[in-house]
*Asks:* 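Dropping a structure here in structure tokens format, bear with me for questions.
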Amino acid sequence: MSKIYASMLSIGAYSPERRLTNVDLEKMVDTSDEWIVKRTGIKERRIAADDQAASDLGVLAARQAIERANLAIGDIDLIIAATLSGDFLFMPSTAAVIAGKLGAINIPAFDALAACSGFIYALATAKAYIESGMASNVLIAGAEASSRFMDYSDRSVCVLFGDGAGAAVIGATDDPSAAIIDTKIASDGTQWDNLYIDGGGKNPIREGKPYRPFIRMKGNETFKLAVRALSSDVAEILARNNLKASQIKHFIPHQANLRIIKAVSETLGLSEEQVVLTIERYGNTGAASIPMAINDLYESGKLNKGDLMLLDAFGGGLAWGSALARFGGDAGR
Ligand code: ACO
């Protein structure tokens, strides 16, 4: 029997229509377009409509990904969602809500909770399910409505994040030239207080405290930890697969800060053409940022079957991860 590989069969995304520009933010907090562009690379971000939660964005991205894989909802046998701004606090999972809205009843659905690296955690899990024969077609979705968890008086955080969703279908193939080659995920829970959301059992929201749970971040500390972890992580995944950075067609990093992306790209010696950037238009869309960036590349006609992608993310947990994958989708064009 030939070996079963996991392949990214398709990609889809959705970004809400409402735009929040740096100029808009100038009216809300003590900041400037110049500071935000220079320190982060962000010009604008999208904000979900009042009646859209993370699952609504995720469903739109998921439908596109399933259609582009030439599959029907009934062909999906597992759904994994990645989010830091899900519809509910802990239960139900956003994956279950997405599955319900898609009409995918009676299949497993769960969240991969790893903040901004959640999409890579979901990808690693989907790969393992497929290679072990436990699933044939896995829908993975990164979906964020992080504006709901934003303290719009905290200028060090609110300028960074935006809403959006991206999804992919990971399916079985016997073709190694279209396979996910390797994934590498890791965490360091001793550093949790650099980046977290208020309001769980550790820090319950009680009367007298702000009602809404907010994203809290020590930006400067997180920045340094992100550059260090990501640089060594991507070097390691390349080395253990005997690949050189020059062989990567598309480096698709989590879009948290242009300076982090540049620092990691420079360490690897990547050229500008290899690095995919969407941060200017969407900001940090959490677990959705990587699939949204893959989708951008796909829709601009630059992503073809067999292209070697290096994915790379870092976020709350702290949790981080990278993946080497050849794009497996040629359907839907
Ligand atoms: N406008 C103007 N000034 C600002 C703003 C703002 N929006 N935000 C902070 N400042 C000020 C600070 O108050 C500080 O002023 P001070 O020197 O008078 O005290 C000064 O700018 C410098 O602040 P730093 O925090 O040192 O700025 P830095 O260059 O580190 O940039 C940033 C801050 C953009 C948050 C950066 O640290 C960053 O991107 N961090 C990493 C984010 C990240 O990767 N997160 C992980 C992924 S996200 C996830 O998983 C949820």
*Asks:* Quick test of your reading: applying salt bridge (Lys or Arg N to Asp or Glu O under 4.0 Å), list the pairs with at least one residue in residues 81-101, sequence neighbours left out, ordered by first then second residue.
*Replies:*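 Listed by first then second residue: Asp56-Lys101.
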*Asks:* Any non-hydrogen side-chain atom of Ile294 less than 4.5 Å from a side-chain atom of Met8?
*Replies:*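 Counting from C-beta outward, Ile294 and Met8 do come under 4.5 Å.
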*Asks:* Check whether Asp77 reaches the backbone of Asn137 with its side chain - one donor and one acceptor, N or O, closer than 3.5 Å.
*Replies:*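 Answer holds: yes.
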*Asks:* When you look at Lys202 and Trp192, which way does the side-chain contact (heavy atoms from CB on, under 4.5 Å) test go after all the steps?
*Replies:* CA-CA 12 Å; Lys202 168 90 180 162; Trp192 68 267; 3.9 Å; yes
*Asks:* Minimum heavy-atom separation for Ala165 to Ala288, with atom names?
*Replies:*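 Heavy-atom minimum between the residues: CA-CB, 3.7 Å.
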*Asks:* Looking at Ala172 and Ile4, what are the two nearest heavy atoms and their distance?
*Replies:*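 Closest pair (atom of Ala172, atom of Ile4, distance): CB-CG2, 3.8 Å.
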*Asks:* Heavy atoms, side chains only, cut-off 4.5 Å: are Ile80 and Phe110 in contact?
*Replies:*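 Yes, at least one pair of side-chain atoms sits under 4.5 Å.
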*Asks:* Under 3.5 Å, is there a donor-acceptor pair between the Glu144 and Ser85 side chains?
*Replies:*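 Side-chain D/A pair, Glu144 to Ser85: present.
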*Asks:* For Leu113, is there any backbone N or O sitting under 3.5 Å from a side-chain donor or acceptor partner on Asp111?
*Replies:*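 No: the side chain of Asp111 does not pair with the backbone of Leu113.
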*Asks:* Do we see a donor-acceptor contact under 3.5 Å between the side chains of Ser147 and Asp163?
*Replies:*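 The criterion, which ignores hydrogens and geometry beyond distance, is satisfied for Asp163 and Ser147.
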*Asks:* Rounded to the nearest 0.5 Å, what separation is found between the CZ atom of Arg45 and the CD1 atom of Ile279?
*Replies:*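 Reported value, rounded in 0.5 Å steps: 9.5 Å.
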*Asks:* To the nearest 0.5 angstrom, please state how far the CD1 atom of Ile66 sits from the CG atom of Leu102.
*Replies:*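 Output value for this atom pair is 5.0 Å.
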*Asks:* Nearest 0.5 Å, please: how far is CG in Leu270 from CG in Leu310?
*Replies:*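 Reported value, rounded in 0.5 Å steps: 7.5 Å.
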*Asks:* Measuring only between side-chain heavy atoms, which start at C-beta, is Asp296 closer than 4.5 Å to Arg281?
*Replies:*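 The answer is yes; the side chains approach within 4.5 Å.
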*Asks:* Any salt bridge between Arg68 and Glu299, counting N to O under 4.0 Å?
*Replies:*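 Glu299 and Arg68: salt-bridged.
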*Asks:* Between Ala287 and Ala82, what is the shortest heavy-atom contact and its length?
*Replies:*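 The pair with the smallest heavy-atom distance is CB-O, 3.4 Å.
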*Asks:* In terms of hydrophobic clustering (I, L, V, M, F, W, Y; side-chain heavy atoms under 4.5 Å; direct or indirect links), are Leu238 and Val227 co-clustered?
*Replies:*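 Same cluster.
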*Asks:* Keeping the roles fixed (side chain from Gln274, backbone from Ala245), state whether a donor-acceptor pair exists under 3.5 Å.
*Replies:*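 Such a contact is found between Gln274 side chain and Ala245 backbone.
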*Asks:* Report yes if the side chains of Thr21 and Lys43 come closer than 4.5 Å at any heavy-atom pair, otherwise no.
*Replies:*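 SC-SC contact between Thr21 and Lys43 ruled out.
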*Asks:* What pairs of residues pass the ring-ring contact (aromatic ring centres under 6.0 Å, His included) test when at least one of them lies in residues 301-321, not counting sequence neighbours?
*Replies:*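 Of all non-adjacent pairs touching residues 301-321, those that pass ring-ring contact (aromatic ring centres under 6.0 Å, His included) are Phe314-Trp320.
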*Asks:* Could you work out, with side-chain contact (heavy atoms from CB on, under 4.5 Å) as the rule, every residue matching Ser156, not counting sequence neighbours?
*Replies:*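 By the side-chain contact (heavy atoms from CB on, under 4.5 Å) rule, Ser156 matches Asp154.
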*Asks:* Same hydrophobic cluster for Leu258 and Leu311, using side-chain heavy-atom links shorter than 4.5 Å among ILVMFWY?
*Replies:*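 No; tracing contacts between hydrophobic side chains, which count when under 4.5 Å, never links both residues.
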*Asks:* Should side-chain heavy atoms under 4.5 Å link Ile, Leu, Val, Met, Phe, Trp and Tyr, which residues sit in the same cluster as Ile105?
*Replies:*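 Joined to Ile105, directly or through intermediates: none.
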*Asks:* Restricting to non-hydrogen atoms, name the atom on Ser10 and the atom on Ala65 that form the minimum distance, rounded to 0.1 Å.
*Replies:*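 Closest pair (atom of Ser10, atom of Ala65, distance): OG-O, 2.6 Å.
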*Asks:* Are any of the side-chain heavy atoms of Leu20 and Leu25 separated by less than 4.5 Å?
*Replies:*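 The answer is yes, as the side chains (C-beta and beyond) meet within the 4.5 Å cut-off.
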*Asks:* Are Val264 and Ile252 in one and the same hydrophobic cluster, where Ile, Leu, Val, Met, Phe, Trp and Tyr link if side-chain heavy atoms are under 4.5 Å apart?
*Replies:*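 Not linked; separate clusters.
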*Asks:* Ignoring hydrogens, what is the shortest heavy-atom contact between Thr183 and Ala323? Give both atom names and the distance.
*Replies:*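 Heavy atoms of Thr183 and Ala323 come nearest at CG2-CB, 3.9 Å.
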*Asks:* Restricting to side-chain hydrogen bond (donor to acceptor under 3.5 Å, both in side chains), what partner residues turn up for Ser32, sequence neighbours left out?
*Replies:*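 Counting only residues at least two positions away or on another chain, Ser32 forms no side-chain hydrogen bond (donor to acceptor under 3.5 Å, both in side chains).
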*Asks:* So how far is it from Asn284 CG to Ile42 CD1, rounded to the nearest 0.5 Å?
*Replies:*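 If I round to the nearest 0.5 Å, the distance is 7.0 Å.
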*Asks:* Below 4.0 angstrom, N of the basic side chain to O of the carboxylate: do Arg326 and Asp175 qualify?
*Replies:*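 Here Arg326 does not pair with Asp175 in a salt bridge, since their nearest N and O are not under 4.0 Å apart.
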*Asks:* Test His254 against Leu230 for side-chain contact (heavy atoms from CB on, under 4.5 Å), laying out the working first.
*Replies:* CA-CA 10 Å; His254 169 46; Leu230 290 175; over 6 Å; no
*Asks:* When rounded to the nearest 0.5 angstrom, what is the spacing between CD1 in Ile47 and CE in Met150?
*Replies:*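 It is 7.5 Å, given to the nearest 0.5 Å.
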*Asks:* Tell me if a side-chain donor or acceptor on His250 pairs with a main-chain N or O of Lys302 at a distance below 3.5 Å.
*Replies:*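 Answer holds: yes.
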*Asks:* Please say whether more than 12 non-hydrogen atoms of neighbouring residues, nucleotides or ligands are located less than 6.0 Å from NZ in Lys184.
*Replies:*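 Yes, because the 6.0 Å sphere around NZ of Lys184 holds more than 12 heavy atoms from other groups.
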*Asks:* Quick check: does any side chain N or O of Gln247 sit under 3.5 Å from a backbone N or O of Lys244, one acting as donor and the other as acceptor?
*Replies:*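 A pair under 3.5 Å: yes.
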*Asks:* Within the 4.5 Å heavy-atom criterion, are Arg216 and Asp151 side-chain neighbours or not?
*Replies:*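 Answer yes - side chains close enough.
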*Asks:* Find out if a path of hydrophobic residues (ILVMFWY) with successive side-chain heavy-atom gaps under 4.5 Å connects Val138 to Tyr5.
*Replies:*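 No, Val138 does not connect to Tyr5 through the hydrophobic network.
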*Asks:* Might you work through the side-chain contact (heavy atoms from CB on, under 4.5 Å) test for Leu324 and Ile248, ending with a clear yes or no?
*Replies:* CA-CA 9 Å; Leu324 276 167; Ile248 301 300; 3.7 Å; yes
*Asks:* Mind listing the closest non-hydrogen atom pair of Val29 and Cys158 along with its distance?
*Replies:*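 Looking at all heavy atoms of both residues, the shortest contact is CG2-SG, 4.1 Å.
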*Asks:* If we ignore hydrogens and angles and just use 3.5 Å, is the side chain of Thr278 paired with the main-chain N or O of Ala293 as donor and acceptor?
*Replies:*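 No; zero donor-acceptor contacts below 3.5 Å.
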*Asks:* Considering only Ile, Leu, Val, Met, Phe, Trp and Tyr, and joining two whenever side-chain heavy atoms are under 4.5 Å apart, list the other residues clustered with Tyr14.
*Replies:*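 Leu57, Leu60, all in the cluster of Tyr14.
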*Asks:* Report the hydrophobic cluster partners of Leu89, with the cluster defined as I, L, V, M, F, W, Y residues connected by side-chain heavy atoms closer than 4.5 angstrom, directly or transitively.
*Replies:*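 Members besides Leu89, by chain and number: Phe90.
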*Asks:* side-chain contact (heavy atoms from CB on, under 4.5 Å) between Leu84 and Cys116: does it pass, once the steps are laid out?
*Replies:* CA-CA 7 Å; Leu84 60 87; Cys116 296; 4.0 Å; yes
*Asks:* Please list all pairs meeting side-chain hydrogen bond (donor to acceptor under 3.5 Å, both in side chains) that have one or both residues in residues 116-130, counting only residues at least two apart or in different chains.
*Replies:*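 Found Lys127-Glu131.
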*Asks:* To the nearest 0.5 Å, what is the distance between CG (Leu297) and CG (Leu277)?
*Replies:*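 Output value for this atom pair is 11.0 Å.
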*Asks:* Would you please name every residue forming a side-chain hydrogen bond (donor to acceptor under 3.5 Å, both in side chains) with Ser322, sequence neighbours left out?
*Replies:*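 Only Asp233 meet the side-chain hydrogen bond (donor to acceptor under 3.5 Å, both in side chains) criterion with Ser322.
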*Asks:* Are Ile197 and Phe88 linked, directly or through intermediate hydrophobic residues, by side-chain heavy-atom contacts shorter than 4.5 Å (ILVMFWY only)?
*Replies:*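 No.
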*Asks:* Using 4.0 Å as the upper bound for N to carboxylate O, is an ion pair formed by Asp193 and Lys218?
*Replies:*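 A salt bridge links Lys218 with Asp193.
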*Asks:* Can you tell me if Ser231 uses its side chain to pair, donor with acceptor, with the backbone of Arg228 under 3.5 Å?
*Replies:*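 Absent.
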*Asks:* Asp307 side chain to Phe327 main-chain N or O, any donor-acceptor pair under 3.5 Å?
*Replies:*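 The answer is no, because no donor-acceptor pair under 3.5 Å joins these two groups.
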*Asks:* Does the side chain of Thr285 come within less than 4.5 Å of Gln255's, by heavy atoms?
*Replies:*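 No, every pair of side-chain atoms sits at 4.5 Å or beyond.
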*Asks:* With side chains defined as the heavy atoms from C-beta onward, is the minimum distance between Ile130 and Ile180 less than 4.5 Å?
*Replies:*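 With C-beta onward as the side chain, the pair stays apart.
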*Asks:* In the hydrophobic cluster built from side-chain contacts under 4.5 Å, what are the other members alongside Val23?
*Replies:*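 Cluster partners of Val23: none, it stands alone.
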*Asks:* Got a sec, which residues hit side-chain hydrogen bond (donor to acceptor under 3.5 Å, both in side chains) with Asp182, two or more places apart in sequence or on another chain?
*Replies:*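 Asp182 satisfies side-chain hydrogen bond (donor to acceptor under 3.5 Å, both in side chains) with Arg240, Asn241 only.
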*Asks:* Mind checking side-chain hydrogen bond (donor to acceptor under 3.5 Å, both in side chains) for Arg39 and listing every partner two or more places apart, or none if nothing turns up?
*Replies:*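 So Arg39 forms no side-chain hydrogen bond (donor to acceptor under 3.5 Å, both in side chains) with any residue.
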